Amino acid sequence: MTTLNDMWALAQLPLGWIKWAKDQGIWDFVTAGSGLLISTVLVSKWKKKIPEFSVHLTYSLGTGHKNYPNVLNIELRNLMDSPLVIGRPNFKFTEGFTAGRFAHGNTATGDYEIKFRPVGTDGQPIPGYSYTNVMLRHREQAYSYLPLPDEWDEPALLAAAAPRRRWGIFKTEKGLGTLFLNVVLLKDEKPKVITMAVPVIRLQKGVQAPRLGREWG
């Protein structure tokens, strides 16, 4: 028959093993491995893809705009047969990088605000207000931009956007930073929310002078 003392001794076994692991210097490796496993699971969850939803990232340097000389262009396109809604977009820079001086950031979280404008049939953003939530029907597009540091030239930007190496061995996909989006699929009777995390790596050059600033809404 199991007594209270036996149950107490059994409960102490994990604590005893942890103390032994700390004494042997093993515990640090255990906690590091656990953290790496959790981060791997989270990254795989965040990196969900929607084949018929396109996120196209480019850069424009020397735009001629007094407040936004350098920008990261963000273009979204819905190629699905059904509509979808973009919600809660934000951008988080990799440690060591920051946005341009006129970017709207959240001091508490370190995230930067992203607002979208619909794109017209001419391929240009439609003048008017920009929104953090936008609906895209079949083949509709939306555009946003994020100000980059004024002093950056092309080599500096491409170096910032290059994949990193961890401990000089493993490549990561941090690059310049990560664009976060909630995509609400309206295809089925019950809407489905997919959280996407798009790493900004291997950027392509965009148009020289995109429509920026309040003169476009």
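Along the sequence shown, the residues carry numbers beginning at 1. Note that the structure is predicted; figures quoted are calculated from it, not measured.
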For this session: List the steps and the verdict of side chain to side chain contact (heavy atoms under 4.5 Å, CB included) for L212 and V71.
Result: CA-CA 9 Å; L212 307 170; V71 296; 4.0 Å; yes
Problem set entry | I194 vs N182, side chain to side chain contact (heavy atoms under 4.5 Å, CB included): CA-CA, chis, key distance, verdict | CA-CA 6 Å; I194 297 179; N182 276 357; over 6 Å; no
For this session: Please report the C-alpha distance between H104 and K115 in whole Å, then the side-chain angles of each, then the deciding distance to 0.1 Å, and finally whether the side chain to side chain contact (heavy atoms under 4.5 Å, CB included) criterion is met.
Result: CA-CA 10 Å; H104 294 167; K115 289 184 177 180; 5.9 Å; no
For this session: Give the C-alpha distance, both sets of side-chain angles, the deciding distance and a yes or no for side chain to side chain contact (heavy atoms under 4.5 Å, CB included) between I114 and F116.
Result: CA-CA 7 Å; I114 301 292; F116 289 98; 3.7 Å; yes
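Surrounding CD of E151 are more than 12 heavy atoms belonging to other residues, nucleotides or ligands, all under 6.0 Å away. Heavy atoms from other residues, nucleotides or ligands lying under 6.0 Å from CZ of R139 number 12 at most.
The two residues P191 and V184 make their nearest non-hydrogen contact at CB-CG1, 3.9 Å. Contact between P89 and T132 at its shortest, heavy atoms only, is CD-O, 3.0 Å. Heavy atoms only, all atoms of each residue included: G120 and I126 are closest at N-CG1, 3.6 Å.
Take S60 and apply the side chain to side chain donor-acceptor pair (under 3.5 Å) test, not counting sequence neighbours, and it matches N73. In terms of the salt bridge (Lys or Arg N to Asp or Glu O under 4.0 Å) criterion, K187 has no residue partners (sequence neighbours excluded). Residues passing the ring-ring contact (aromatic ring centres under 6.0 Å, His included) test with Y59: none are found, sequence neighbours excluded.
Remark: D153 CG to N70 CG distance equals 9.0 Å, nearest 0.5 Å. Interatomic distance, CG of N78 versus CG of L84, reported as 4.0 Å (0.5 Å rounding). Here OH of Y145 is found 7.5 Å from OG of S130. Values are rounded to the nearest 0.5 Å. With rounding to the nearest 0.5 Å, the separation of CD in Q208 from OG1 in T63 is 8.0 Å. Interatomic distance, F97 CZ to L176 CG, rounded to the nearest 0.5 Å: 6.5 Å. A distance of 13.0 Å separates CG of L148 from CZ of R101, quoted to the nearest 0.5 Å.
Note: Y112 and F93 meet the aromatic proximity criterion, with ring centroids under 6.0 Å apart.
Contact of the I50 side chain with the M80 side chain is registered, since non-hydrogen atoms from C-beta on lie closer than 4.5 Å. L61 has its side chain within reach of E154: a pair of non-hydrogen atoms, C-beta onward, lies under 4.5 Å apart. Here the side chains of L203 and T58 are not in contact, with every heavy-atom distance at 4.5 Å or above. Proximity of F53 to I86: side-chain heavy atoms (C-beta onward) are separated by under 4.5 Å at one or more points. Using a 4.5 Å heavy-atom cutoff, the side chains of V134 and V85 are not in contact. Taking the side chain as every heavy atom from C-beta outward, F180 and M196 never approach each other to under 4.5 Å.
The pair R77-E140 does not meet the salt-bridge criterion, since no charged nitrogen lies less than 4.0 angstrom from a carboxylate oxygen.
By the criterion of side-chain heavy atoms lying less than 4.5 angstrom apart, applied directly or through intervening Ile, Leu, Val, Met, Phe, Trp or Tyr residues, F102 is grouped together with Y143 in one hydrophobic cluster. Transitive grouping of hydrophobic side chains (ILVMFWY, heavy atoms separated by less than 4.5 Å) brings V193 and M135 into a common cluster.
Within the 3.5 Å criterion, the main-chain N or O of S82 finds no donor-acceptor partner in the side chain of H138. For the pair T94 (side chain) and G175 (backbone), a donor-acceptor distance under 3.5 Å is present.
Screening L146, N90, V55 for a side chain to side chain contact (heavy atoms under 4.5 Å, CB included) involving L179 leaves a single residue, V55.
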